[in-house]
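Here is the structure we will look at.
Keep in mind that what you see is a predicted model, and the values were worked out from it rather than measured. The analysis underlying the following values was restricted to heavy atoms, covering all of them including side chains, and did not include hydrogens, waters or symmetry mates. Each chain gets a letter, A, B and so on, in the order the sequences are listed, and its residues count up from 1.
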Amino acid sequence: MSIYPKYIRVFKLGVQASMEYRLDFALSLISAFFPIMIQYYIWTAVYGRSGSGQFFGYTYGEMILYTIVAAIVTKIVTTNMDHVIASDIKDGALNKYLVQPASYFGLKLFTLLGQKLFFFTVMLAVLFVVIFYFGGRYGIHIPLVNIACFVAAMALSLILNFLISYTIAAIAFWLSEISYFFEMTGLLVIILSGGVFPIEVFGQAVSHLLNYLPFKYTIYFPSNVINGKLILSEITEGLLMQFFWIGVMFLVSKLVWRIGFKKYLGLGG
Amino acid sequence: MKTRLGTLKTYGIIYLQFIKNCFIAQMEYRTNFILGIAVEIAYLLSKLLYVVVVYKSDLHIGDIPPDGILMFVGTYTMMTGLYSGLFFTNFVRISDYVRTGELDLLMVKPISLQFMVSLRYIDLGMPIPNLAAGITMVSIGWSALGIPVTAYHLFLFALYLLSALVITYCLMIIPAILSFWFVNTGGLAGIFYAIWDANNMPMPIYPRLIQRIGVYVLPFLVITNFAPLSVMERLDGGLMLWGAIVPILLLVCVRLIWRKAIKNYSSASG
């Protein structure tokens, strides 16, 4: 018998779970609107006063689109999986998964994908409306192929972000009190990923350094695919880099988990 | 009058006891204490990015130069520190008290329930980075703008900070109080945090309608704007008065809502 039905089952459970909190989802959509609004006014003031059409390498239209898209992308790719996994490790709930004939990694991944399916679809619809509206307003034409690439980039960045969270969550094997720790790492990951401002804002040295890290491929890259800033060859290169980092982070997470697991005590449970 | 003062003194003593208890508890979990500070530093970094953008793009809002904007970001950072240290932990717990029925136990104590529930926990670590960074930013902005350091200016600034603190208490407790009716108000609290962040920039950056709403309807924008605006002498008489009255009005409102909420409370378990 194929091993897949169990993961598909978990995936479906994830979808059901996400449908349970629709009001919460709607509210989180509304709360995403405020940071966008603040940044919209900041950029409007910045570009409005100055004669120069570009700041940090972005035209006004590109910057506004980046701001909106990055806020939405951040909502989609943020997994919060590190909290869930860490509490499994801490209170011994991991035990029950260990005796099951499925991998913990696989179960968590498919639950996440299931949970995000609904969000993903709604958010994409929102995004397309936004792009259609603002793209027309600022004269940014986005070819169909960019939109297709964007969907692919988003799916990849969700997986990449899951792998980053999964790796960071392993820290729970070593540290006992960690809820603050994940809040900090989560925030830093968002900043480094370009979730607050495009990474060019950090200055040349830092954004050059970020080229060697996986973070910018989770928010910064997909957002720039859709705001028309990247040409096709750059997009292809970025997609390949996403595959590369998914591979690397997969190996790193396996390694960290193998080392961490030796510390696992299975308390409680 | 005498009894009023006596009551105030008693509550002062109780509040000092709260601080002492929290200090002892936090010293027991030192890693957590340090991690709490680290979290706030991370938040601070994301706020400092705005400062970077302001200076790099030489942002002027109306006729407020980057140094002036720094004063607003600094005030906002200070207020975030005070909020996270004095109120945040308490407000998060309120819906838990309601859900688990723990409120029953707190109700029988011989002091004001609202005081007990909303001020009992003080986080001494979290505010440190924000307060330090906020005060630094305000000082830099203040001196760069050449605002004279007079007793009058310091008094004005302190007065509007105090007013801001009361407004913060009143506005941010609202989602928590609503949990008496709607158990889970996490989403609404999220919206309030997001609106809170609108204070990151001076209010003249927003269109007039948003400013009006933010000052008169849901007075979020009073929190970080009035203190710097007052020492820059950009606050007209009417607004100065409003900034002093609005915390009192809000306290009365919150007190009334709280009473209604308690009447509505039916013990969950316990």
Side-chain angles (χ1 to χ4, degrees), chain A residues 21-50 52 54-56 58 63 67 71 75 171 174-192 194-203 206, chain B residues 29-64 66 69 123 125-126 175 182 184-207 210-211 220:
Chain A
Y21 301 105
R22 268 166 300 188
L23 182 67
D24 203 52
F25 171 65
L27 289 173
S28 84
L29 253 185
I30 297 172
S31 67
F33 165 78
F34 288 95
I36 295 175
M37 186 192 80
I38 299 165
Q39 291 205 13
Y40 171 79
Y41 288 116
I42 294 178
W43 291 123
T44 306
V46 167
Y47 285 88
R49 204 183 69 88
S50 157
S52 120
Q54 279 205 345
F55 277 96
F56 306 105
Y58 291 75
M63 190 59 100
T67 303
K75 286 269 171 204
I171 205 87
W174 287 275
L175 283 180
S176 54
E177 190 41 69
I178 44 216
S179 57
Y180 278 152
F181 181 82
F182 290 126
E183 204 170 327
M184 178 189 67
T185 48
L187 202 62
L188 286 180
V189 166
I190 289 178
I191 294 174
L192 293 178
V196 184
F197 286 116
I199 61 174
E200 284 88 353
V201 166
F202 303 133
V206 179
Chain B
Y29 300 100
R30 252 163 285 188
T31 325
N32 227 5
F33 184 77
I34 293 166
L35 282 174
I37 296 180
V39 172
E40 286 306 302
I41 292 180
Y43 274 105
L44 189 59
L45 284 179
S46 72
K47 300 292 172 261
L48 285 179
L49 276 183
Y50 283 83
V51 176
V52 172
V53 168
V54 165
Y55 275 97
K56 276 196 176 175
S57 61
D58 190 31
L59 174 64
H60 283 58
I61 296 172
D63 48 359
I64 304 172
I69 298 173
D123 198 301
M126 287 211 294
F182 315 103
N184 191 358
T185 50
L188 187 66
I191 293 180
F192 270 59
Y193 296 145
I195 300 179
W196 165 266
D197 275 337
N199 272 313
N200 205 0
M201 282 287 131
M203 67 182 188
I205 201 171
Y206 303 114
I210 297 184
Q211 287 188 42
F220 268 98

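The number of heavy atoms from other shown groups lying within 6.0 Å of OH (B:Y55) is above 12.
With a threshold of 4.5 angstrom between heavy atoms, B:L188 approaches chain A through N, CA, C or O but not through any side-chain atom. Heavy-atom distances place no part of B:F192 under 4.5 Å from chain A, backbone and side chain included. Using a 4.5 Å cut-off between heavy atoms, B:D58 touches chain A through backbone and side chain atoms alike.
For A:F34 and B:Y193, the distance between ring centers is not under 6.0 angstrom.
Between A:L188 and B:L45, the closest side-chain pair of non-hydrogen atoms falls below 4.5 Å.
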| What do the steps show when you test B:K56 against A:F55 for side-chain contact (heavy atoms from CB on, under 4.5 Å), and what is the final call? | CA-CA 9 Å; B:K56 276 196 176 175; A:F55 277 96; over 6 Å; no
| task | Determine, stepwise, if the pair A:V201 / B:V52 fulfils side-chain contact (heavy atoms from CB on, under 4.5 Å). | result | CA-CA 8 Å; A:V201 166; B:V52 172; 4.2 Å; yes
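In terms of heavy-atom proximity, A:I191 sits nearest to B:S46 at CD1-CB, 3.5 Å. In terms of heavy-atom proximity, A:A45 sits nearest to B:L59 at CB-CD1, 3.5 Å. Closest approach of B:A42 to A:L187, counting heavy atoms only: C-CD2, 3.5 Å. Scanning all heavy atoms of the two residues, the minimum distance from B:I205 to A:I42 falls at CD1-CA, 3.5 Å.
Scored by the ring-ring contact (aromatic ring centres under 6.0 Å, His included) test, B:Y206 finds A:Y41 as partners (sequence neighbours excluded).
Separation of atoms OG1 (A:T185) and CG (B:L35) is listed at 10.0 Å; rounding is to 0.5 Å.
Contact count versus chain B (heavy atoms, under 4.5 Å) is highest, among A:Y40, A:F182, A:F56, for A:F56.
Pairs engaging residues 30-49 of chain B under the salt bridge (Lys or Arg N to Asp or Glu O under 4.0 Å) rule: B:K47-B:D197 [sequence neighbours left out].
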